[in-house]
Peer 1: 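Before we start, here is the structure in question, set down as structure tokens.
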Amino acid sequence: MARRTKVYEGKAKILYEGPEPGTLVQYFKDDATAHNAAKHAVIDGKGVLNNRLSEFFMSGLNAIGVPTHFIRRINMREQLIRAAELIPVEVVVRNVAAGSMCKRLGLEEGAALPRPIVEFYYKDDALGDPLVSEEHIIAFGWATQQDLDDMVALALRVNDFMTGVMLGVGIKLVDFKIEIGRVWEGDFQRLIVADEISPDSCRLWDMRTGRKLDKDVFRRDLGDLAEAYTEVARRLGVMPSNATYLGKPTLIN
Ligand code: UDP
């Protein structure tokens, strides 16, 4: 049997060549990292949960006309995606102050923001993914002004969709990160949502109790990460309620 070709391996996912040109297989690992990979653990079942949750969010976005890379799920840990040329910028949308925004601007965690705020971070682990402005992005040729306008519009549509979906299950979408890629359709370039949308890349707070149901559970040692993600999946009807993906994390560093 021929061995498939690994195209890329990141902290939480592996990409393999897909069955047809222009496709890739995205494999979700159980690894969790935080603080620019200074903290690393393997959490049983996280990859399975994120595969399902990313499928759920991306197929919902596809259904309302927000293009994403998601084609179909292959198995528990893998999905077929469109190959896209990733723009080297993480796009963050914030509805409520949390995380790095609080540190940077001296805001209290949980403070309401006057409107959704879109930020850009240059993807460079060695630099710790610094905050950059549209000026930097255009000047260094990472994206054009037209791309940026499309990226902001896409990010705000994802925010509206995700906010509504999470509201329906009693969860507040505090902030999230997406990555955006280019695909070519004939002579036309199109921007699509790529990478993943999962509790690894969102902040999700229970609306009643304020309980954190996202990667901050791992970043701040607040409890069982797989249990928190299972709760999100259960509320969304993505996993059967008796799912036993809970496991003890194996701390690597
Ligand atoms: N985020 C992410 N990957 C990153 C950095 C941030 O998915 O490399 C997500 C993070 O989970 C949160 C949002 O983007 O939902 C904003 O993160 P923030 O800038 O507050 O950074 P953090 O406090 O996570 O370092």
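When a residue number appears, it is its place in the shown sequence, counting from 1. Bear in mind the structure is a predicted one, so any value in this text is a computation, not a measurement.
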Peer 1: Is there side-chain contact between Val93 and Ile117, with heavy atoms separated by less than 4.5 Å?
Peer 2: no

Peer 1: I'd like to know if Lys212 pairs up with Glu227 as an ion pair, taking the criterion as any Lys NZ or Arg NE/NH1/NH2 lying under 4.0 Å from an Asp or Glu carboxylate oxygen.
Peer 2: no

Peer 1: Let me confirm one number: the CE-CD distance from Met151 to Gln146, rounded to the nearest 0.5 Å.
Peer 2: 12.0 Å

Peer 1: How long is the span from the CE atom in Met58 to the CD1 atom in Ile71, to the nearest 0.5 Å?
Peer 2: 12.0 Å

Peer 1: So, for Asn50 and Pro199, which heavy atoms are closest and what is the spacing to 0.1 Å?
Peer 2: OD1-CD, 3.5 Å

Peer 1: Hey, does the Lys NZ or Arg CZ of Lys39 hover above the aromatic six-ring of Phe218, less than 6.0 Å from the centre and inside 45° of the axis?
Peer 2: yes

Peer 1: Any donor-acceptor pair under 3.5 Å linking the side chain of His40 with the backbone of Ala37?
Peer 2: no

Peer 1: Is it possible for you to say whether Tyr8 and Val25 belong to one hydrophobic cluster, with membership spreading through side-chain heavy-atom contacts below 4.5 Å?
Peer 2: no

Peer 1: Would you say the side-chain atoms of Gln79 and Asn51 include a donor-acceptor pair closer than 3.5 Å?
Peer 2: yes

Peer 1: Taking the side chain as every heavy atom from C-beta outward, state whether Trp205 and Arg211 have any pair of such atoms under 4.5 Å apart.
Peer 2: no

Peer 1: Which pair of heavy atoms, one from Ala155 and one from Val91, lies closest together, and at what distance?
Peer 2: CB-CG1, 3.8 Å

Peer 1: Are Val92 and Ile180 linked, directly or through intermediate hydrophobic residues, by side-chain heavy-atom contacts shorter than 4.5 Å (ILVMFWY only)?
Peer 2: no

Peer 1: Within the 4.5 Å heavy-atom criterion, are Ile192 and Thr68 side-chain neighbours or not?
Peer 2: no

Peer 1: With Arg4 as the cation and Tyr16 as the aromatic partner, state whether NZ or CZ is under 6.0 Å from the six-membered ring centre and within 45° of the axis.
Peer 2: yes

Peer 1: Can you label the angle between the Tyr122 ring and the Trp142 ring as parallel, tilted or perpendicular, going by 30° and 60°?
Peer 2: parallel

Peer 1: Test of understanding: clusters of I, L, V, M, F, W, Y form through side-chain heavy atoms closer than 4.5 Å, transitively. Do Val42 and Ile14 belong to the same one?
Peer 2: no

Peer 1: Can you see which heavy atom on Ala83 is nearest to which on Val183, and at what distance?
Peer 2: O-CG1, 3.5 Å

Peer 1: So does Val238 get a backbone contact from the side chain of Arg234, meaning a donor-acceptor N/O pair under 3.5 Å?
Peer 2: no

Peer 1: Please determine whether a side-chain nitrogen of the Lys or Arg among Arg203 and Asp216 lies less than 4.0 Å from a carboxylate oxygen of the Asp or Glu.
Peer 2: yes

Peer 1: Taking atom types as modelled and ignoring hydrogens, do the side chains of Asn95 and Asp175 form a donor-acceptor contact shorter than 3.5 angstrom?
Peer 2: no

Peer 1: Does a donor on one side chain sit under 3.5 Å from an acceptor on the other, for Ser198 and Glu196?
Peer 2: yes

Peer 1: For the residue pair Asp200 / Tyr229, report whether a side-chain donor-acceptor contact shorter than 3.5 Å exists.
Peer 2: yes

Peer 1: Does CD belonging to Glu108 count more than 12 external heavy atoms closer than 6.0 Å?
Peer 2: no

Peer 1: Write out all pairs satisfying salt bridge (Lys or Arg N to Asp or Glu O under 4.0 Å) with one or both partners inside residues 161-171, taking only residues at least two apart or from two chains.
Peer 2: none

Peer 1: I'd like to check Met162 versus Phe57 (side-chain heavy atoms, cut-off strictly below 4.5 Å). Are they in contact?
Peer 2: yes

Peer 1: Could you list who else is in Leu167's hydrophobic cluster, with ILVMFWY side chains joined at under 4.5 Å, directly or through other members?
Peer 2: Met207

Peer 1: I need the Ile171 CD1 to Leu204 CG distance, nearest 0.5 Å.
Peer 2: 6.0 Å

Peer 1: I want to check something: taking the side chain as every heavy atom from C-beta on, are Phe56 and Leu236 in contact at a cut-off of under 4.5 Å?
Peer 2: yes

Peer 1: Find out whether Val232 and Met166 are in side-chain contact, i.e. whether some heavy atom of one side chain is under 4.5 Å from a heavy atom of the other.
Peer 2: yes

Peer 1: Using 0.5 Å steps for rounding, measure from the CZ atom of Arg220 to the NZ atom of Lys215.
Peer 2: 13.0 Å

Peer 1: Do you know the tightest heavy-atom contact between Leu154 and Val66?
Peer 2: CD2-CG1, 3.7 Å

Peer 1: Charged N to carboxylate O below 4.0 Å: is that the case for Glu78 and Arg52?
Peer 2: no

Peer 1: Any donor-acceptor pair under 3.5 Å linking the side chain of Ser201 with the backbone of Ile197?
Peer 2: no

Peer 1: Salt bridge (Lys or Arg N to Asp or Glu O under 4.0 Å): which pairs involve residues 142-167, sequence neighbours left out?
Peer 2: Asp147-Arg182

Peer 1: Taking all non-hydrogen atoms of both residues into account, name the closest pair between Ser100 and Tyr121 and its distance.
Peer 2: OG-OH, 3.4 Å

Peer 1: Do NZ/NE/NH1/NH2 and the carboxylate oxygens of Glu17 and Lys6 come within less than 4.0 Å?
Peer 2: no

Peer 1: Out of curiosity, does Ile178 fall in the hydrophobic cluster containing Val165 (side-chain heavy atoms, cut-off under 4.5 Å, transitive links)?
Peer 2: yes

Peer 1: Considering only heavy atoms from C-beta outward, does the side chain of Tyr27 approach that of Lys13 to under 4.5 Å?
Peer 2: no

Peer 1: When you check the gap from the basic side-chain N to the acidic O, do Asp206 and Arg235 get nearer than 4.0 Å?
Peer 2: yes

Peer 1: Below 4.0 angstrom, N of the basic side chain to O of the carboxylate: do Lys29 and Glu9 qualify?
Peer 2: yes

Peer 1: Could you report the tightest heavy-atom contact between Asp44 and Asp30, atom names first, then the distance?
Peer 2: CA-OD2, 3.8 Å

Peer 1: Atom CG of Leu148 and atom CD1 of Ile87: how far apart are they, to the nearest 0.5 Å?
Peer 2: 8.0 Å

Peer 1: Answer yes or no: does atom CZ of Arg115 have more than 12 heavy-atom neighbours from other residues, nucleotides or ligands under 6.0 Å?
Peer 2: no

Peer 1: If you apply the rule salt bridge (Lys or Arg N to Asp or Glu O under 4.0 Å), what do you find for Glu179 with Lys123, and how did you get there?
Peer 2: CA-CA 10 Å; Glu179 299 194 21; Lys123 270 172 69 79; 3.1 Å; yes

Peer 1: Working note: Arg82 + Glu185, criterion salt bridge (Lys or Arg N to Asp or Glu O under 4.0 Å); need CA distance, chi angles, decisive distance, verdict.
Peer 2: CA-CA 12 Å; Arg82 290 184 74 175; Glu185 287 165 5; 3.2 Å; yes

Peer 1: Hey, any chance Val174 and Met101 share a hydrophobic cluster, counting ILVMFWY side chains that come within less than 4.5 Å of each other, even indirectly?
Peer 2: no

Peer 1: Taking atom types as modelled, is there a side-chain donor on Thr33 or Arg219 under 3.5 Å from an acceptor on the other?
Peer 2: no

Peer 1: From Ile43 CD1 over to Asp31 CG, what is the distance, rounded to the nearest 0.5 angstrom?
Peer 2: 9.0 Å

Peer 1: Is there a side-chain contact between Asn36 and Asp125, using heavy atoms and a 4.5 Å cut-off?
Peer 2: yes

Peer 1: Test your reading of the model: is there a side-chain donor-acceptor pair from Gln26 to the backbone of Asp195, 3.5 Å cut-off?
Peer 2: yes

